[in-house]
There are 2 protein chains.
Amino acid sequence: MVEEICHICNDKATGKHYGAISCDGCKGFFRRSIRKRYHYQCRFEQNCDVTRNKRNACRACRLQKCIKAGMKSNGKPSSLFSTISLLQFPAIQNERDAIGKRKKTSVNGKQDLIEQLVEAENLCQQLRSSVIRNTSSLAPYDCGKVKWNYEDARAATLDDIGKSIHQQLVLFIEWAKSLPQFTFLAQLDKAALLKGGAASIIVLGVAYRSIILTVENTICLANDTLLGKEHATQVGDINCVVGRIIDEIVNPMRRLNMDLYEYVALKAILFFNPVVRDCTDQDAVETARYAVLRSFQKRCVDKALENMEDDTFDCRSGKLLLLLPSLQAIAQQLVEDVQLARLFGLVNVDSLMEELILNDMKPSDPQILQTSLASPVNTSIKAEVEVED
Amino acid sequence: MVEEICHICNDKATGKHYGAISCDGCKGFFRRSIRKRYHYQCRFEQNCDVTRNKRNACRACRLQKCIKAGMKSNGKPSSLFSTISLLQFPAIQNERDAIGKRKKTSVNGKQDLIEQLVEAENLCQQLRSSVIRNTSSLAPYDCGKVKWNYEDARAATLDDIGKSIHQQLVLFIEWAKSLPQFTFLAQLDKAALLKGGAASIIVLGVAYRSIILTVENTICLANDTLLGKEHATQVGDINCVVGRIIDEIVNPMRRLNMDLYEYVALKAILFFNPVVRDCTDQDAVETARYAVLRSFQKRCVDKALENMEDDTFDCRSGKLLLLLPSLQAIAQQLVEDVQLARLFGLVNVDSLMEELILNDMKPSDPQILQTSLASPVNTSIKAEVEVED
DNA sequence: ACGTCAGGGTCAAAGGTCGG
DNA sequence: TCCGACCTTTGACCCTGACG
């Protein structure tokens with residue numbers, strides 16, 4: 001026993017709990033607060049005394065102090081790298097069975113779903129980087145967190161837009177194939193999800209990639225060319241898709257300080273859409289969606305608790321999910337844009353684009369998707385992406 | 001359970017309190033007396049009976065007897081180093097934080113937001129009922145919870161669809177006007193929200209109204225006529241809007257057992273869309289949206305806690321919010337349907353419909369909305385709804 | 001094997017609520 | 001106003017599983 005005093009209330013400590021030396025009272029209080037997702041509100045000035053005798057007077061300030069003292073619900077240090085302390089971090093775990101009652105063999109302990117999604121994302125970003133290195137002179141794109149070289153960036157042409165969409169589609173399929181929950185689905189359902197999600201997920205990706213830009217009213221395409229709001233209308237953006245992406249998605253993402261974890265979660269949630277057209281096994285898709293949703297909500301709550309003082313993080317999961325309706329609407333308009341562009345012969349629509357973006361009424365010829373789905377991951381992707389050059 | 005009789009008044013005891021076996025009454029009396037430092041004085045001989053029926057006759061004697069029975073106001077152990085007295089000692093503690101639980105009056109003074117929304121909804125439903133009573137032979141619709149009379153229901157005609165949309169728009173404006181958060185907005189922003197939300201909110205309303213139907217693949221329009229999935233395609237539903245409403249909204253709502261509270265919350269969240277076109281005061285709209293979101297998430301968590309065994313309620317807020325992207329997409333298609341129907345002269349588009357559903361690019365002539373917004377609630381609504389007859 | 005640490009749960013006895 | 005039936009929260013104490 002190194003220390004004896006509770007870092008929260010100065011009572012006698014009983015050891016380290018959730019990352020902080022604390023007493024049994026503060027330990028129990030913290031667990032209950034996390035478990036029941038309590039959101040307390042201070043009735044005074046947010047600076048109430050939290051001492052042994054007064055600790056029950058204000059739960060908001062007590063919880064605040066727990067967090068300040070280092071208590072964590074998932075133990076992940078908020079923004080620091082910690083590859084070492086991945087072992088042994090404190091955490092509020094899942095509820096256990098009641099003591100004294102019969103045990104129900106519970107299944108858990110598997111790797112966090114959201115971490116898996118981050119890995120899948122990193123894989124695809126590496127793929128993209130290597131492709132871009134070969135097709136342009138830009139620095140590789142490191143998972144949306146690299147600083148931007150404005151000097152190197154150039155404005156997108158109509159051709160860039162078409163190529164970018166094509167690239168994104170190829171990467172999208174690779175991404176999907178790397179998700180276990182996807183691979184277990186029937187072939188037809190795979191096609192349904194790909195077709196139903198392509199446009200939205202491309203828009204989501206473009207938006208997330210663009211939050212690091214500091215130049216106003218501009219988005220960053222998949223091949224790292226830039227597309228400004230006004231410029232876009234000259235290259236076929238009849239529906240102001242670019243403007244809407246910036247106003248309705250990129251700026252809100254910036255305000256919310258959306259991070260990579262949240263991005264990959266939203267992407268997967270969007271993708272596993274059980275009510276997508278022609279989906280036969282809705283339950284399987286729904287299960288996958290809800291599994292991601294559960295991880296996502298948990299992480300949002302954790303993040304909110306680590307940032308109690310910052311209102312941005314309150315109701316975080318809801319705020320982020322509310323980006324999706326706009327996203328859906330914009331994606332639909334993007335499809336219209338592409339349809340119109342094809343109608344006027346402005347853009348060269350290849351078969352993959354036709355299959356995934358222009359969702360026709362007719363039951364699609366599954367040839368193209370079959371080919372993409374059948375090929376093993378990483379095999380000649382570069383070749384496939386560059387085939388358009 | 002050690003003893004059963006209160007040592008102070010012989011009432012039934014509820015356990016040991018402050019060091020004495022006692023009832024809840026004596027427990028509460030002792031706490032209040034100590035907390036408020038009451039000094040009672042006996043008006044008789046200091047030997048009043050303290051029994052269940054007479055205990056409130058003399059507070060001085062009651063408190064005296066509490067103390068005699070062993071109640072202690074301060075359990076400070078005689079010495080700090082008495083490791084033996086680790087047993088809990090009775091004490092009146094300091095005042096704690098408010099917990100706010102018991103039904104009705106809610107936390108921090110102001111009425112719960114979601115309750116306000118339910119009231120607004122009920123008001124509009126009453127309005128609708130009275131309108132329908134005058135224009136059809138159907139029983140009044142009681143807030144979505146009345147049983148359906150299949151014999152009385154009839155299939156919707158194209159005319160019904162147009163009328164239904166018009167009715168919904170009028171009620172939509174009335175509903176918005178009844179929300180305080182709406183009335184505080186600038187005139188232009190009001191128009192922006194109404195235009196941006198009309199289609200989605202009509203679809204949401206139709207869907208929620210339809211969950212009580214037990215007949216398959218059918219929705220219930222605002223004037224209580226029925227519209228089947230197949231039948232709809234014959235009356236201008238080119239985009240399969242009806243089918244999508246059923247598959248993507250109504251059925252998921254049924255699976256989730258969505259209730260009225262959740263419906264009104266989603267409606268308001270959808271309505272207060274800060275990124276709607278032409279909105280100048282995004283912050284005000286966002287504040288309104290997030291206020292509803294907060295109430296909504298809180299209620300979802302409460303509902304989940306009440307139904308721990310039922311998996312349906314896990315992540316409830318997220319599951320419900322995920323109805324909105326589909327809803328948005330469908331609403332957009334409904335707009336297209338209406339546009340096409342007008343193009344082919346199939347439907348009579350009145351000015352309100354033109355203004356709210358067919359969001360043109362041109363900055364709209366604010367005449368029509370101004371009129372609607374200016375008129376006091378409840379004034380000649382019936383006349384306005386029936387103007388089309 | 002066995003103690004320590006840090007998760008989890010329990011439930012008596014504190015607390016607060018609010019109609020009467 | 002105060003009372004007290006009824007509810008929630010607290011925290012001392014105990015159980016469990018991982019690790020050395």
Side-chain angles (χ1 to χ4, degrees), chain A residues 1-3 6 8-9 11-36 38 40 52-59 62-63 71-75 87-101 103 106 108-109, chain B residues 1-3 6 8-9 11-36 38 40 52-53 55-57 59 62-63 71-75 85-107 302 305:
Chain A
M1 190 87 53
V2 193
E3 308 222 26
C6 171
I8 291 102
C9 70
D11 196 0
K12 196 172 167 189
T14 61
K16 200 186 237 190
H17 304 292
Y18 311 110
I21 307 286
S22 55
C23 63
D24 267 341
C26 290
K27 166 196 162 186
F29 171 76
F30 187 72
R31 185 177 56 232
R32 283 192 298 272
S33 299
I34 303 297
R35 273 284 171 64
K36 296 195 166 181
Y38 281 141
Y40 308 123
R52 149 111 232 231
N53 288 322
K54 294 181 194 160
R55 66 191 176 198
N56 285 316
C58 177
R59 289 126 100 214
R62 189 182 190 182
L63 183 56
M71 281 194 174
K72 291 267 163 31
S73 54
N74 72 344
L87 313 160
Q88 250 196 359
F89 48 75
I92 295 285
Q93 303 170 355
N94 288 329
E95 219 163 327
R96 291 183 188 169
D97 284 327
I99 291 177
K101 287 174 191 168
K103 279 208 167 189
S106 67
N108 61 6
Chain B
M1 194 69 65
V2 197
E3 307 226 19
C6 171
I8 291 101
C9 71
D11 196 359
K12 199 171 164 186
T14 61
K16 201 184 237 190
H17 303 293
Y18 311 112
I21 306 289
S22 56
C23 64
D24 264 343
C26 291
K27 165 196 162 186
F29 170 76
F30 187 73
R31 181 174 57 235
R32 282 192 297 271
S33 300
I34 302 299
R35 276 275 176 70
K36 297 191 174 171
Y38 282 138
Y40 309 122
R52 151 130 226 205
N53 291 320
R55 67 193 178 197
N56 285 316
R59 292 152 158 190
R62 189 181 190 185
L63 183 55
M71 282 195 174
K72 294 274 190 321
S73 62
N74 187 341
S85 72
L86 282 173
L87 299 162
Q88 253 174 318
F89 43 84
I92 298 290
Q93 305 173 351
N94 286 323
E95 212 167 335
R96 288 188 185 172
D97 204 355
I99 55 176
K101 199 44 206 182
R102 223 138 119 181
K103 61 194 173 188
K104 261 328 174 196
T105 50
S106 86
V107 285
D302 290 346
L305 287 172

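All values derive from a computational prediction rather than experimental measurement. Just so we're on the same page: letters track the sequence lines, and every chain starts at 1.
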Sequence neighbours excluded and cut-off under 3.5 Å, please list the side-chain donor-acceptor pairs for residues 19-27 of chain A, or say none.
unit_1	atom_1	unit_2	atom_2	d
A:Ser22	OG	A:Ala20	O	3.3
A:Asp24	OD1	A:Thr14	OG1	3.3

Looking at [N], I'd like to know if its phosphate oxygens (OP1 or OP2) sit under 4.0 Å from a side-chain N or O belonging to [X].
X: B:Tyr18; N: C:dA12; answer: no
X: B:Asn56; N: D:dG4; answer: yes
X: B:Arg55; N: D:dC2; answer: no

Report the residues that fulfil side chain to side chain donor-acceptor pair (under 3.5 Å) with A:Arg31, sequence neighbours left out, ordered by chain and then residue number.
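By the side chain to side chain donor-acceptor pair (under 3.5 Å) rule, A:Arg31 matches A:Tyr18.
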Just verifying a value: how many Å separate B:Arg52 CZ and B:Cys6 SG, rounded to the nearest 0.5 Å?
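Interatomic distance, B:Arg52 CZ to B:Cys6 SG, rounded to 0.5 Å: 10.5 Å.
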Supply the atom-to-atom distance B:Phe30 CZ to B:Ser73 OG, rounded to the nearest 0.5 angstrom.
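Here the rounded value is 5.5 Å.
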Categorize B:Gly25 for me: base, sugar-phosphate, or nothing, with a 4.0 angstrom heavy-atom threshold over every strand shown.
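Answer is sugar-phosphate: B:Gly25 comes under 4.0 Å of backbone atoms only.
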Give A:Arg59 one of three labels, base, sugar-phosphate or nothing, depending on what nucleic acid heavy atoms sit under 4.0 Å from its own.
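Sugar-phosphate: the residue A:Arg59, judged by heavy atoms under 4.0 Å, touches backbone atoms but no base.
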Judged by each residue's nearest nucleotide on DNA chain D, which is more toward the 5′ side, B:Tyr40 or B:Lys27?
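The residue whose closest nucleotide sits nearer the 5' end is B:Tyr40.
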Just the rounded figure in Å: distance from P of D:dT10 to CZ of A:Phe29.
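Whole-Å distance recorded here is 6 Å.
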Secondary structure string for DNA chain C (Watson-Crick or G-U under 3.5 angstrom, | for other-strand pairs)
.|||||||||||||||||||
Counting distance alone, no hydrogens or angles: does the base of [N] have a donor or acceptor under 3.5 Å from a partner atom on the side chain of [X]?
X: A:Arg31; N: D:dG11; result: no
X: A:Lys16; N: C:dG7; result: no
X: B:Arg35; N: C:dG15; result: no

B:Asp97 with A:Arg62: basic N within carboxylate O range, under 4.0 Å:
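Salt bridge between B:Asp97 and A:Arg62, a charged N being under 4.0 Å from a carboxylate O: no.
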